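Owing to the predicted nature of the structure, the values given are computational and were not obtained by experimental measurement.
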Amino acid sequence: QVRLVESGGGLVQPGGSLRLSCAASGSVFRVYTMAWYRQAPGKQRELVADISEYGRTDYADFVEGRFTISRDNAKKTVDLQLNSLKPEDTAVYFCNAQILTTTLRDEPYWGQGTQVTVSS
């Protein structure tokens with residue numbers, strides 16, 4: 001009943017930028033924390049950044065000031081601005097959100113992922 005859809009991934013050169021977006025839809029009553037994770041081939045999924053319902057943000061150490069997470073509560077979206085991209089940033093980026101559904105179920109949801117490839 002709840003759906004998260006990511007967009008904005010693609011191929012970019014080292015040092016380039018991308019902006020990822022994620023929209024929640026369906027039986028959404030309230031969206032709590034939203035986050036971006038990523039998973040490279042053969043590696044475990046890892047947290048990139050998260051943002052609370054009120055805009056408080058946290059970033060993984062590897063971000064090193066290069067990324068910015070933001071959200072629009074009215075649109076039920078979360079974005080991740082990726083700057084100064086490195087080849088090691090190559091991964092599938094997943095949107096995650098803790099959502100209270102219209103049936104009052106509080107649980108995490110995941111998007112299908114969007115591919116970010118950083119290569120010359």
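In this structure, OG in Ser119 is found 12.5 Å from CG in Asp89, a value given to the nearest 0.5 Å. Taken to the nearest 0.5 Å, the OG1 atom of Thr33 stands 9.0 Å off from the CG atom of Asn96. Note that the CE atom of Met34 and the CG atom of Asn73 stand 8.5 Å from one another [nearest 0.5 Å]. Annotation: the span from Ile51 atom CD1 to Arg56 atom CZ amounts to 11.5 Å, rounded to 0.5 Å. With rounding to the nearest 0.5 angstrom, the CG atom of Leu80 is 11.0 Å from the OG1 atom of Thr114.
Side-chain heavy atoms closer than 4.5 Å link hydrophobic residues (I, L, V, M, F, W, Y) into clusters, and following such links, even through other members, never connects Ile69 to Tyr54. One hydrophobic cluster holds both Leu47 and Val92 under the rule that ILVMFWY side chains link at heavy-atom gaps under 4.5 Å. With hydrophobic clusters built from ILVMFWY side chains whose heavy atoms lie under 4.5 angstrom apart, Phe94 does not share a cluster with Leu82.
Remark: Glu64 CD is packed, more than 12 non-hydrogen atoms of other residues, nucleotides or ligands lying under 6.0 Å away. Counting heavy-atom neighbours within 6.0 Å of Gln1 CD, excluding the residue itself, gives a total of 12 or less. In the displayed structure, Arg19 atom CZ is contacted under 6.0 Å by more than 12 heavy atoms of other residues, nucleotides or ligands. Heavy atoms of other residues, nucleotides or ligands lying less than 6.0 angstrom from CZ of Phe29 number 12 at most. Atom CD of Gln39 is surrounded by more than 12 heavy atoms from other residues, nucleotides or ligands within 6.0 Å.
Side chain of Tyr37 to main chain of Trp110: no donor-acceptor pair is present (N/O by atom type, distance under 3.5 Å, no hydrogens or angles). The closest donor-acceptor contact from the side chain of Arg66 to the backbone of Ser84 lies under 3.5 Å. Listed for the Thr117 side chain is no donor-acceptor partner under 3.5 Å among the backbone atoms of Thr90. With hydrogens and angles disregarded, no donor-acceptor distance shorter than 3.5 Å links the side chain of Arg30 to the backbone of Asp106.
For the residue pair Gly9 and Leu20, the shortest heavy atom distance occurs at N-CD2, 3.6 Å. For Leu4 against Ala97, the heavy-atom pair with the smallest separation is CD1-N, 3.7 Å. Of all heavy-atom pairs between Cys22 and Asp79, the closest is N-OD1, 4.2 Å.
Residues Val78 and Cys95 have side chains in contact (heavy-atom distance under 4.5 Å, counting atoms from C-beta outward). Counting heavy atoms from C-beta outward, Thr101 and Tyr109 have side chains that approach closer than 4.5 Å. Side-chain contact between Leu18 and Leu85: present, with at least one pair of heavy atoms (C-beta onward) separated by less than 4.5 Å. In this structure the side chain of Val116 never reaches within 4.5 angstrom of the side chain of Arg38, judged on heavy atoms. Between Val63 and Val48, the closest side-chain pair of non-hydrogen atoms falls below 4.5 Å. Looking at heavy atoms from C-beta onward, Tyr59 lies in side-chain contact with Thr68 at the 4.5 angstrom threshold. A heavy-atom distance below 4.5 Å is not found between the side chains of Lys76 and Ser25. Side chains of Val12 and Ser17 form no contact here, defined as non-hydrogen atoms less than 4.5 Å apart.
Annotation: side chain to side chain donor-acceptor pair (under 3.5 Å) contacts involving residues 6-16, sequence neighbours excluded, are absent.
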From CA spacing to verdict: side chain to side chain contact (heavy atoms under 4.5 Å, CB included), Glu46, Phe62
CA-CA 11 Å; Glu46 61 184 350; Phe62 61 75; 3.6 Å; yes
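A donor-acceptor contact closer than 3.5 angstrom links the side chains of Gln81 and Asn83.
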